[in-house]
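Computed from heavy atoms alone, side chains included, the values below leave out hydrogens, waters and symmetry copies.
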Amino acid sequence: MSSAITSHSAPQRRRTIIVTGAGSGIGRAATQLLLAQGWNVALLGRTEQTLHETAAGADNALVITADVADVDQVRAAFDATVQRFGTVDALFNNAGIFGAAVNVGDLEPEEWDRVCAINLTGAINCAREAFNRMKAHGGRIINNGSISAQVPRPNSVSYAVTKHAITGLTKSIELDGRAWNICASQIDIGNTASELLQGIGTQAGALQADGSRKVEPSFPLEHAAQAVAYIANAPLSASINQLTITATGMPFIGRG
């Protein structure tokens, strides 16, 4: 004689994540995977059309046009997310630009300000809003650092400096968030097949530290998205401080 076991536990609440830079590249791939996994996703970016292309009409998606460098727009985006979904459980702090390919001597002040506004100020604006909303229930902030947070490319001073700063942001959130069960993770991704990678010429020959150019290997965006989702889905009892994922054989280990 067999008997069935019936669970009377309440269904698990659908979790909500905000993804910045969701209109393209790693942000788009991660968003689409998280939507498929059942997350509520608020898509932030500056171009409404590409955000809608990412969302593809999903009923658990919320498209919000916002500039992460604008603190008022970021605050309004988080307010809209809470109004729609009730809470914010996670943030993928992904928006970023590479900037002009120049050395520090040729870096124009205006270009530095432009890169800093998105890569650093934008990341802090979003982290601040997420942190304050997560104080009530805990959560996870995932910062996209890039392997340039560890080892820079030639002529990438603005990108490298701002991405090194993301490491400090991640560690500060992890330390300051302990009292509220807020975890911080940094994912450093190297040579995933995105628009940013094409911009630095890896497929045609990217500049190396010795002055030569090298065609570098890459790996599919889907694998980077899976790494982001792995971190997002981890329980808050486990802190994934840092994860590095690169194309096999790319100039990273021993770069230079």
(request) Please test N143 against I141 for side chain to side chain contact (heavy atoms under 4.5 Å, CB included), starting from the C-alpha separation and ending with a verdict. (result) CA-CA 6 Å; N143 293 321; I141 296 172; 3.7 Å; yes

(request) Let me see the working for Y230 and Q226 under side chain to side chain contact (heavy atoms under 4.5 Å, CB included), right down to the final yes or no. (result) CA-CA 6 Å; Y230 167 73; Q226 289 166 6; over 6 Å; no

(message) With side chain to side chain contact (heavy atoms under 4.5 Å, CB included) as the criterion, how do T54 and Q32 come out once you've worked through the C-alpha distance, each side chain's angles and the decisive distance to 0.1 Å?
(response) CA-CA 7 Å; T54 300; Q32 291 176 336; 4.0 Å; yes

(message) Working note: F131 + D176, criterion side chain to side chain contact (heavy atoms under 4.5 Å, CB included); need CA distance, chi angles, decisive distance, verdict.
(response) CA-CA 10 Å; F131 192 95; D176 295 345; 4.3 Å; yes

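Side-chain contact between T192 and S218 is absent, with no heavy atoms from C-beta onward closer than 4.5 Å. Side-chain contact between N144 and I166: absent, with no pair of heavy atoms (C-beta onward) separated by less than 4.5 Å. Within the 4.5 Å cutoff, the side chain of T50 has heavy atoms near those of the R28 side chain. Contact annotation: the side chain of F85 never approaches that of V41 to less than 4.5 Å [non-hydrogen atoms, C-beta and beyond]. At a threshold of 4.5 Å between non-hydrogen side-chain atoms, the residues I231 and F92 do not count as touching. L243 places none of its side-chain heavy atoms less than 4.5 Å from the side chain of Q186. Side-chain contact check for T81 versus T16: some heavy-atom pair is nearer than 4.5 Å. In this structure the side chain of N125 never reaches within 4.5 angstrom of the side chain of V68, judged on heavy atoms.
For the atom pair CZ (F78) and CZ (R128), the distance works out to 10.5 Å, reported to the nearest 0.5 Å. Between L34 atom CG and L43 atom CG the span is 10.0 Å, to the nearest 0.5 Å. Interatomic distance, CD1 of I142 versus CD1 of I240, reported as 8.0 Å (0.5 Å rounding). The line from CD1 of I64 to CG of L62 is 4.0 Å long, rounded to the nearest 0.5 Å. Atom SG in C183 sits 10.5 Å away from atom CZ in R178 (nearest 0.5 Å). In this structure, CG in N119 is found 9.5 Å from OG1 in T121, a value given to the nearest 0.5 Å.
Side-chain atoms of E111 come within 3.5 Å of backbone atoms of A100 as a donor-acceptor pair (strictly under, hydrogens ignored). Under the 3.5 Å distance criterion, the side-chain polar atoms of R15 are left unmatched by any main-chain donor or acceptor of N40. One N or O on the side chain of N94 and one on the backbone of T20 form a donor-acceptor pair closer than 3.5 Å. Looking only at distances, a side-chain donor or acceptor of S146 sits under 3.5 Å from a matching main-chain atom of S148. Judged purely by atom type and a 3.5 angstrom limit, N191 has no side-chain atom pairing as donor or acceptor with the backbone of T246. Without hydrogens or angle criteria, R14 side chain to G38 main chain gives a donor-acceptor distance under 3.5 Å. Not a single donor-acceptor pair under 3.5 Å links the side chain of T162 to the backbone N or O of C116. Not one N or O on the side chain of S156 forms a donor-acceptor pair closer than 3.5 Å with the backbone of P152. Counting only distance, with no hydrogens or angles, the side chain of D67 and the backbone of A69 share a donor-acceptor pair below 3.5 Å.
For the residue pair Q242 / S185, no side-chain donor-acceptor distance below 3.5 Å is found, with atom types taken as modelled. Checking W39 against N233 by side-chain atom types alone, a donor-acceptor pair falls below 3.5 Å. Side chain to side chain, E53 and Q49 meet the donor-acceptor criterion of an N or O pair below 3.5 Å.
Nearest heavy-atom pair across L120 and A165 is CD1-CB, 3.7 Å. Scanning both residues, A224 and I187, for their nearest heavy atoms gives O-CD1, 4.4 Å. Among all heavy-atom pairs drawn from A22 and T31, the shortest one is CB-OG1, 3.6 Å. Nearest heavy atoms, P217 versus T248: CG-O, 3.4 Å. Taking each heavy atom of I182 and G138 in turn, the nearest pair found is CG1-CA, 4.3 Å. Between L91 and A130, the closest heavy-atom pair is CD2-CB, 3.9 Å.
In this structure, W112 is a member of the same hydrophobic cluster as V104, with clusters built from ILVMFWY side-chain heavy atoms closer than 4.5 Å. Hydrophobic clustering keeps V157 apart from I97 (ILVMFWY residues linked when any side-chain heavy atoms are closer than 4.5 Å, directly or through intermediates). Both I17 and L35 belong to a single network of hydrophobic side chains, linked directly or stepwise wherever heavy atoms of I, L, V, M, F, W or Y lie under 4.5 Å apart. Under the 4.5 Å side-chain heavy-atom criterion for grouping Ile, Leu, Val, Met, Phe, Trp and Tyr, M134 is connected to I124 within one hydrophobic cluster. No path of Ile, Leu, Val, Met, Phe, Trp and Tyr side chains, each step under 4.5 Å between heavy atoms, connects V71 with I173, placing them in separate hydrophobic clusters.
Salt bridge R133/D79: present, at least one basic N to carboxylate O contact under 4.0 Å. Look at K171 and E174 and you find no salt bridge, because none of the NZ, NE, NH1 or NH2 atoms lies under 4.0 Å from a carboxylate O. With respect to R114 and E110, no salt bridge is recorded, no charged nitrogen being found less than 4.0 Å from a carboxylate O.
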